[in-house]
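Since we're looking at a predicted model, the values are computed, not measured.
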Amino acid sequence: MIAVCNTTPLVNLAAIGQFDLLRRRHEIVYVPGAVYREGTEAGAGRPGDTETRVAEWIGRRSVTDSALTRQLHGVLDPGEVEAVALYVELGADRLLIDELRGRKGARAMGDRVTGIVGLLIQAKQKRYIPALKPHLDALRAGNFWMSDALYGEALRAVGEEES
């Protein structure tokens, strides 16, 4: 399965020590130039920087559909623009993006959009991780905003309801 990834899943999965989940779920993960620069140059020294640089299964690809990028420009940030455009160009199996605006823009062009919470739910269902709650808690303790409703919904989806 081929995926295109925006910056936040790379950063947040690395921050909670679960970067390799991307590889376990996808044969190859492509990142467009703007995402690579956000994660490694602007994000130098932060989670996801080294992991993105050294992962042999992460491929860098340039976006060639300038009409699509112009259409999305101003609506989404540069990394989101390129991630959505590359997802469409490649006909990728999945787009990994967390920002609500980016997800809405991507869903208008295809329904194979997943964020980090969805990826963690899938990982729990596939038994790649023993429990979801510690990872959701780690995300929340970091810089990842998640509503209480999404938190509870995710736990219910894998049978880890809060008591």
Side-chain angles (χ1 to χ4, degrees), residues 1-16 18-123 135-136 138-140 142-151 153-154 157:
M1 183 182 292
I2 295 173
V4 172
C5 194
N6 190 32
T7 310
T8 54
L10 299 171
V11 169
N12 286 302
L13 285 170
I16 64 169
Q18 294 297 321
F19 193 82
D20 198 52
L21 284 178
L22 289 169
R23 183 178 192 182
R24 294 186 81 179
R25 292 288 300 143
H26 306 91
E27 294 169 38
I28 189 162
V29 176
Y30 287 113
V31 295
V35 169
Y36 188 83
R37 288 186 299 277
E38 283 177 9
T40 61
E41 294 170 16
R46 289 186 263 173
D49 168 25
T50 302
E51 294 88 345
T52 300
R53 288 178 193 270
V54 302
E56 296 172 0
W57 45 272
I58 292 183
R60 288 175 31 187
R61 292 287 290 262
S62 296
V63 177
T64 59
D65 189 343
S66 58
L68 181 55
T69 57
R70 278 193 306 274
Q71 177 186 345
L72 297 169
H73 183 71
V75 177
L76 305 174
D77 76 32
E80 292 168 345
V81 167
E82 287 192 16
V84 171
L86 188 59
Y87 159 71
V88 172
E89 277 184 29
L90 295 176
D93 299 303
R94 182 79 44 204
L95 173 64
L96 304 166
I97 189 168
D98 282 306
E99 296 79 10
L100 185 58
R101 265 188 339 205
R103 290 170 67 88
K104 284 182 178 179
R107 283 217 167 95
M109 296 177 200
D111 62 350
R112 299 175 316 264
V113 180
T114 303
I116 191 170
V117 174
L119 186 69
L120 288 168
I121 288 170
Q122 293 168 0
H135 300 296
L136 296 182
L139 285 171
R140 286 181 128 188
N143 198 18
F144 189 85
W145 185 87
M146 179 185 331
S147 70
D148 291 340
L150 177 59
Y151 181 84
E153 184 180 319

Listed by chain and number, what are the side-chain contact (heavy atoms from CB on, under 4.5 Å) partners of Asn143, not counting sequence neighbours? none
May I ask you to decide if Ile2's main-chain N or O and Asp93's side chain share a donor-acceptor pair within less than 3.5 Å? yes
Check side-chain contact (heavy atoms from CB on, under 4.5 Å) between Ser62 and all other residues, then give those that pass, not counting sequence neighbours. none
Does the side chain of Leu95 reach to within under 4.5 Å of the side chain of Leu86, using non-hydrogen atoms? no
The complete set of side chain to side chain donor-acceptor pair (under 3.5 Å) pairs with one or both residues in residues 44-57, sequence neighbours excluded, reads Asp49-Arg53
Checking Asp98 now: which residues fulfil side chain to side chain donor-acceptor pair (under 3.5 Å) with it, not counting sequence neighbours? Thr8
How would you list all residue pairs meeting salt bridge (Lys or Arg N to Asp or Glu O under 4.0 Å) that involve residues 69-88, not counting sequence neighbours? Glu80-Arg101
Side chain to side chain donor-acceptor pair (under 3.5 Å) filter on Gln122, not counting sequence neighbours, yields Arg25
What closest approach, in Å, do Gly48 and Ala14 show between heavy atoms, and which atom pair accounts for it? N-CB, 3.2 Å
Looking only at non-hydrogen atoms, find the nearest pair between Asn12 and Phe144 and report the distance. ND2-CD1, 3.5 Å
Side-chain donor/acceptor of Arg94 to backbone N/O of Thr114, under 3.5 Å: no
Quick test of your reading: applying salt bridge (Lys or Arg N to Asp or Glu O under 4.0 Å), list the pairs with at least one residue in residues 28-45, sequence neighbours left out, ordered by first then second residue. none
The side-chain contact (heavy atoms from CB on, under 4.5 Å) partners of Val81 (sequence neighbours excluded) come to Thr69, Leu72, Leu76
Qualifying residues under side-chain contact (heavy atoms from CB on, under 4.5 Å), relative to Leu150, sequence neighbours excluded: Val117, Met146, Ser147
Testing the basics here: between Cys5 and Val35, what is the closest heavy-atom pair and its distance to 0.1 Å? O-CG1, 3.5 Å
List the steps, then state whether side-chain contact (heavy atoms from CB on, under 4.5 Å) holds for Ile116 with Leu120. CA-CA 6 Å; Ile116 191 170; Leu120 288 168; 4.2 Å; yes
So with a 6.0 Å cut-off around CZ of Arg60, is the heavy-atom count from everything else above 12? no
Of all the heavy-atom pairs spanning Val4 and Pro32, show the shortest one and how long it is. CG1-CD, 4.3 Å
